[in-house]
Amino acid sequence: MGNKMYAAVGPNVFVKEIVRENKVGDWIIPDSLDVDFTFGEVVSCSSGYWQKGTFVPTEVQIGDKIAFAKVSGTKVNFNGEKLIRVYAADIVAKEIEAEIVK
């Protein structure tokens, strides 16, 4: 029998934090968004959850890079990794491939 692992259920999303840095020479200049948001990569999430009798599908999937408010999320050890547990409703953005049109 293999090792037992756990997967997120309900509105829980487990995220591995990504530290974003911009470098200019030897100087590291933080992105202004880093003041308000934490960035991470989704490592575990459910397909959705029930809320007041309505099924709410999760808008992210494993591998997505997301942003959520610094004040949300709880640091946890999950499946032997240091991760952050975030409620799906606290995710404010996910990284997408797009072209800016002016």
Side-chain angles (χ1 to χ4, degrees):
M1 205 178 224
N3 291 336
K4 295 190 180 197
M5 301 291 284
Y6 292 90
V9 296
N12 297 297
V13 177
F14 290 91
V15 178
K16 184 172 188 174
E17 187 173 3
I18 297 171
V19 178
R20 294 168 29 121
E21 297 178 336
N22 291 329
K23 268 188 125 175
V24 177
D26 291 333
W27 294 86
I28 296 174
I29 301 170
D31 188 330
S32 61
L33 286 176
D34 288 349
V35 173
D36 297 325
F37 296 101
T38 300
F39 297 88
E41 182 176 343
V42 175
V43 296
S44 184
C45 62
S46 68
S47 61
Y49 54 96
W50 289 94
Q51 184 176 34
K52 296 182 181 177
T54 302
F55 186 76
V56 180
T58 303
E59 295 184 53
V60 297
Q61 53 190 305
I62 293 171
D64 281 350
K65 295 191 174 46
I66 62 167
F68 53 95
K70 283 214 183 272
V71 296
S72 62
T74 305
K75 293 188 178 192
V76 296
N77 281 323
F78 185 73
N79 289 334
E81 285 189 81
K82 292 182 180 183
L83 302 175
I84 302 171
R85 185 199 64 179
V86 180
Y87 289 113
D90 290 338
I91 297 170
V92 296
K94 72 178 179 178
E95 185 178 277
I96 62 169
E97 291 281 331
E99 190 173 315
I100 298 173
V101 179
K102 294 184 180 185

How long is the span from the [atom1] atom in [X] to the [atom2] atom in [Y], to the nearest 0.5 Å?
X     : Y     : atom1 : atom2 : value
Leu83 : Asn77 : CG    : CG    : 8.0 Å
Arg85 : Ser72 : CZ    : OG    : 10.5 Å
Ile84 : Thr74 : CD1   : OG1   : 9.0 Å
Ile66 : Asp90 : CD1   : CG    : 10.0 Å

Report task. Spell out, yes or no, whether Val42 and Phe68 are grouped together once hydrophobic residues are joined by side-chain heavy atoms under 4.5 Å, including indirect joins. Result ->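 Val42 and Phe68: one cluster.
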
Query raised in the report: Mind checking whether Val43 and Val76 sit in one hydrophobic cluster, side chains of I, L, V, M, F, W, Y counted as touching below 4.5 Å?
Result: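 Same cluster.
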
For residues [X] and [Y], determine if any side-chain heavy atom of one lies less than 4.5 Å from a side-chain heavy atom of the other.
X     : Y     : result
Ile91 : Glu59 : no
Phe37 : Val92 : yes
Glu95 : Asp64 : no

Query raised in the report: In terms of ring plane angle, is the pair Tyr6 and Phe78 parallel, tilted or perpendicular, where the classes change at 30° and 60°?
Result: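 Ring orientation of Tyr6 relative to Phe78: tilted.
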
Requested in this report: Dump the intermediate steps for side chain to side chain contact (heavy atoms under 4.5 Å, CB included) on Glu41 and Glu17, then the final yes or no.
Outcome: CA-CA 7 Å; Glu41 182 176 343; Glu17 187 173 3; over 6 Å; no

Requested in this report: Carefully, step by step, assess Val15 and Phe39 under the rule side chain to side chain contact (heavy atoms under 4.5 Å, CB included).
Outcome: CA-CA 9 Å; Val15 178; Phe39 297 88; over 6 Å; no

Query raised in the report: Of all heavy-atom pairs between Ala8 and Ser44, which one has the smallest distance, and what is that distance?
Result: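 Answer, listing the atom of Ala8 first, then Ser44: N-OG, 2.8 Å.
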
Query raised in the report: Do other residues, nucleotides or ligands put more than 12 heavy atoms under 6.0 Å from Lys16 NZ?
Result: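 Atom NZ in Lys16 is not packed in, count stays at 12 or less.
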
Query raised in the report: Just wondering, more than 12 heavy atoms not from Tyr87 lying within 6.0 Å of its OH?
Result: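 Not buried by this count: 12 neighbours or fewer within 6.0 Å.
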
Report task. Ignoring hydrogens and angles, tell me if any N or O in the side chain of Ser46 forms a donor-acceptor pair with the backbone of Gly48 under 3.5 Å. Result ->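 Checked: pair present.
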
Report task. Please lay out, stage by stage, how Ser47 and Phe55 fare under the test side chain to side chain contact (heavy atoms under 4.5 Å, CB included). Result -> CA-CA 10 Å; Ser47 61; Phe55 186 76; 4.2 Å; yes

